[in-house]
4 protein chains.
Amino acid sequence: MAVGRKSIGARRNPDSAEAILEAAEAVLLENGYSGFSIEAVARRARAGKPTIYRWWPGKAALLLAVYQRQKRDVVYSDSGDLEEDLFRFLKSLFHQWHDTPAGEIFRSLVAEAQSDSDAAKALAEYAAGRRVHTGQLVARAQARGEVRPGVDATQVADLVASYAWVHLLTGRIDENDETIRRAVGYIVSGVSNRETEAPDQTHGSP
Amino acid sequence: MAVGRKSIGARRNPDSAEAILEAAEAVLLENGYSGFSIEAVARRARAGKPTIYRWWPGKAALLLAVYQRQKRDVVYSDSGDLEEDLFRFLKSLFHQWHDTPAGEIFRSLVAEAQSDSDAAKALAEYAAGRRVHTGQLVARAQARGEVRPGVDATQVADLVASYAWVHLLTGRIDENDETIRRAVGYIVSGVSNRETEAPDQTHGSP
Amino acid sequence: MAVGRKSIGARRNPDSAEAILEAAEAVLLENGYSGFSIEAVARRARAGKPTIYRWWPGKAALLLAVYQRQKRDVVYSDSGDLEEDLFRFLKSLFHQWHDTPAGEIFRSLVAEAQSDSDAAKALAEYAAGRRVHTGQLVARAQARGEVRPGVDATQVADLVASYAWVHLLTGRIDENDETIRRAVGYIVSGVSNRETEAPDQTHGSP
Amino acid sequence: MAVGRKSIGARRNPDSAEAILEAAEAVLLENGYSGFSIEAVARRARAGKPTIYRWWPGKAALLLAVYQRQKRDVVYSDSGDLEEDLFRFLKSLFHQWHDTPAGEIFRSLVAEAQSDSDAAKALAEYAAGRRVHTGQLVARAQARGEVRPGVDATQVADLVASYAWVHLLTGRIDENDETIRRAVGYIVSGVSNRETEAPDQTHGSP
DNA sequence: ACCTAAGCGAGACGGTACGTCTCGTCTTGCG
DNA sequence: CGCAAGACGAGACGTACCGTCTCGCTTAGGT
């Protein structure tokens, strides 16, 4: 906690930016989105409000910066089985959202995006990027013939991501493995090439 | 617009409640969620703030009431084809969200739920209810053998609803028909019983 | 505490009036003037607000009624010595203000009179009446030749009453006897007929 | 009327304080004590409410500040005759209370002091100071042998001030000269050293 | 014996003010 | 020129009372 941080002359002090982001994350974690205010962040960071506004135009931008600062180490496995890959991806994502500030931050960002157009734009761009990224899992499966050729990989990713988002937004990121796997199964078998298979006899065929 | 609305005795005046909900909806539409405040609603409804607080504990509850007041005439068709039914459902939902205040209200409600636990609880309950409801479409298809026996109808509804929610929250409710139909197709064929079918050659191979 | 008090037909129920005045006094005593509100009185008296407003036009009138309801047993002695009579009067008044709700009530009434013209009018009338009344002490002394003929008895009473009021309003009703007696002495010897007397060598010349 | 008043850095802006006090005085004058509210003052001063609360803890403190801001130029003459001095003092005081906002402000302050202990304390201190101050008139007369040695000058001032206060509080500051002079006469001759005099043949002996 | 008139408790109504919070802007003085 | 600091105008928050209104009830007095 940088105490007595001062100006480093006529230029931007990166320590301040860092302290602000850290404080923002801490405030978000401790008091939730409703307690997240520029004032609170400034107080916590021992920074002046103008210093925050100088670097980020407002709450939304700060929130976004906090989210992007999170090092995202979601697993993008390549087991050779799309269903397994997507399951692991969701598990990893839910785990990250559950055990790190990332979930709270992302929730806040989505909320903010509903009233702030800048945040909305940023979120849309971010989401599109993630869809393409996650879509590569599907595209890979498609390349090895696991998925039918005509399938839109990005849209499959959209379905998976939407499932994850809504679980986050409705407080269901502690969903059990079986349920997650089943959901993934519905999607994967919907795009699968293995037509003869009779997948997902959920509760086990004898 | 009831002018000079007064007390009707020692009990709630439905006119006031109605005027407040109407005003809330109007404020939300005109100024968006960020401009939605109890003060603004009171002003618009020509009601005292305490009158609002008497009936709704806060912003979240009012928002929820406004949403529930919306007469929801989403189409739950029964065409005998699940894919068609779900497509029509999504189309109808997107249309309602796009052309009536419902979309803006629901966006606001989801946002509110990220910081207000009452709203979160209410939203969770509401969402669960809708999943069951929409799930009946799937259950019906299951009953007529269109969907495999082991499939969890509610969870299929969850996938469909999640797709819709995220589209709303990321400003994509003007999604084109083909894309929607494709997404539905992925899910439906994933739970379908018609194993021999080669579904969804989306862009049609000649 | 009259429970379940009801209407007694098409006329005022004295029990209600009584209960209201009693409640008003109690509220004033317990919470002071700042906590004295029609709502609080109604609550305490288990009376409807309109019942209060039906009989008293507002806070001021109620306050006045409460004050007048106090049985005032201020001593108007007739010792044959004006100074003694006035001293006893002040002592009695201070004692009453100190040991009964009367003081708090009167303070409140004076305060109310500064913003409410009805209370002001009522207070003025009341004060004028008291001046005349107390003036009789002086007039009696005048009749027996103790006070000079030209002296305005009412005005003397005014001086004495003013002294008392200001002591009440500035929290000095616990003034010690000697001081009170001295003040009275100044006034009385100012109107006295005994010109040869050298009165009130307070701190005693031997 | 300072328009577009802004912050002048991390310290109090005297313009704001001044504007607030001025507005407070104006509100008090125009709407009386009953119309005197922090909101009204803020509105009139084009100031935010927190700016007021930052500098004054509440209504009472603001009222007191407004009163103290009044430049008090009450006449303290030294004619060599105590009766004349006190008469002129009262005349000057009544005139000030009548023709400037001072009277309304002081009335309000006394009223406030009946429900607010801070105001009560401040008023008590102020009043004590004034008694000492006015007492100097008497002490001076005492020094030149006009007043008996044992007399408590402060207490005489108390009598005079009480007379004035109560006249203010009961709307009698337009009292005629003769009456005022007579009242002063009663007090002065009560403490006078001139024992042979037959003062105050008020309505004239032929 | 019925009817009507008024009082009763209750509590909702449209308002205003309270004192606190955060917003985003502004200006200082130090480094 | 960046920085911490914090005051500024603005306005929303949720609560307390204001004085008015209407309800459903009681009861008495006039018919």
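Since this is a predicted model, take the numbers as computed values, not measurements. A note on names: the letters A, B, ... follow the listed sequences, proteins ahead of strands, and every chain is numbered from 1.
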Enquirer: Backbone N or O of C:R5 within a donor-acceptor pair of the C:D15 side chain at under 3.5 Å?
Expert: no
Enquirer: Can you check the C:W56 CH2 to F:dC18 C1' distance for me, whole Å?
Expert: 18 Å
Enquirer: Round to the nearest Å and state the distance from D:I8 atom CD1 to F:dA7 atom P.
Expert: 11 Å
Enquirer: What residues, two or more places apart in sequence or in another chain, satisfy ring-ring contact (aromatic ring centres under 6.0 Å, His included) together with C:Y33?
Expert: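 ring-ring contact (aromatic ring centres under 6.0 Å, His included) check on C:Y33 returns nothing, list empty.
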Enquirer: I want to check one thing: is the phosphate of F:dA4, taken as OP1 and OP2, less than 4.0 Å away from some side-chain N or O of A:S16?
Expert: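 It does, given that an N or O in the side chain of A:S16 lies less than 4.0 Å from OP1 or OP2 of F:dA4.
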Enquirer: Between B:R69 and B:E25, does any NZ, NE, NH1 or NH2 come within less than 4.0 Å of an OD or OE carboxylate oxygen?
Expert: yes
Enquirer: Go through the structure and list residues passing side chain to side chain contact (heavy atoms under 4.5 Å, CB included) with C:A65, not counting sequence neighbours.
Expert: C:L21, C:W56
Enquirer: Please report, rounded to the nearest Å, how far the C1' atom of E:dT27 is from the CZ atom of D:R11.
Expert: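 Atom CZ in D:R11 sits about 8 Å away from atom C1' in E:dT27.
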Enquirer: What is the distance from atom CG of A:L28 to atom OH of A:Y67, rounded to the nearest 0.5 Å?
Expert: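 Here the interatomic distance stands at 12.0 Å.
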Enquirer: Does A:A42 or B:G9 map to a spot on DNA chain F nearer the 5' end, using the closest nucleotide for each?
Expert: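 By nearest-heavy-atom nucleotide position, the 5'-most residue is A:A42.
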Enquirer: Does OP1 or OP2 of F:dA4 have a side-chain N or O of A:T51 closer than 4.0 Å?
Expert: yes
Enquirer: Select one nucleotide: of E:dC8, E:dA10, F:dA4, the one nearest the side-chain heavy atoms of C:R46.
Expert: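 For C:R46, the side-chain atoms sit closest to E:dA10.
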Enquirer: Heavy-atom contacts under 4.0 Å between residues 107-121 of chain B and DNA chain E, which residues?
Expert: none
Enquirer: Taking atom C1' of F:dG9 as reference, at what distance in whole Å does atom CG of D:D15 sit?
Expert: 14 Å
Enquirer: Could you tell me whether a side-chain N or O of A:Q114 sits under 3.5 Å from a main-chain N or O of A:V110, the two making a donor and an acceptor?
Expert: yes
Enquirer: Toward the 5' end of DNA chain E, which comes first, C:A17 or B:S7, by nearest nucleotide?
Expert: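 Upstream on the strand: C:A17.
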Enquirer: Does the protein touch nucleotides 17-24 of chain E at the base, only the backbone, or not at all? Give it as B, S and - per nucleotide, heavy atoms under 4.0 Å.
Expert: BBBBBSBB
Enquirer: Could you state the NZ-P distance from C:K6 to F:dC25, rounded to the nearest angstrom?
Expert: 11 Å
Enquirer: Side chain of A:R54 only, heavy atoms from C-beta on: which candidate in E:dC13, F:dC3, F:dA7 is closest?
Expert: F:dC3
Enquirer: Identify, with sequence neighbours excluded, every residue that meets side chain to side chain donor-acceptor pair (under 3.5 Å) alongside A:S108.
Expert: none
Enquirer: Just the rounded figure in Å: distance from C1' of E:dG11 to CD1 of C:I52.
Expert: 14 Å
Enquirer: Report which part of the nucleic acid C:W55 touches: base, sugar-phosphate, or nothing (heavy-atom distance under 4.0 Å, all strands).
Expert: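 It contacts sugar-phosphate atoms only.
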Enquirer: Report, one line per pair, each donor and acceptor closer than 3.5 Å where one atom sits in a side chain of residues 35-43 of chain A; sequence neighbours left out.
Expert:
unit_1 : atom_1 : unit_2 : atom_2 : d
A:S37  : OG     : A:A40  : N      : 3.0
A:E39  : OE2    : A:K49  : NZ     : 2.9

Enquirer: In whole angstrom, give the distance that lies between atom CG of C:N13 and atom P of E:dA10.
Expert: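 The answer, rounded to whole Å, is 14 Å.
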Enquirer: Does the distance from a Lys or Arg side-chain N to an Asp or Glu carboxylate O, for A:R44 and A:E22, drop under 4.0 Å?
Expert: no
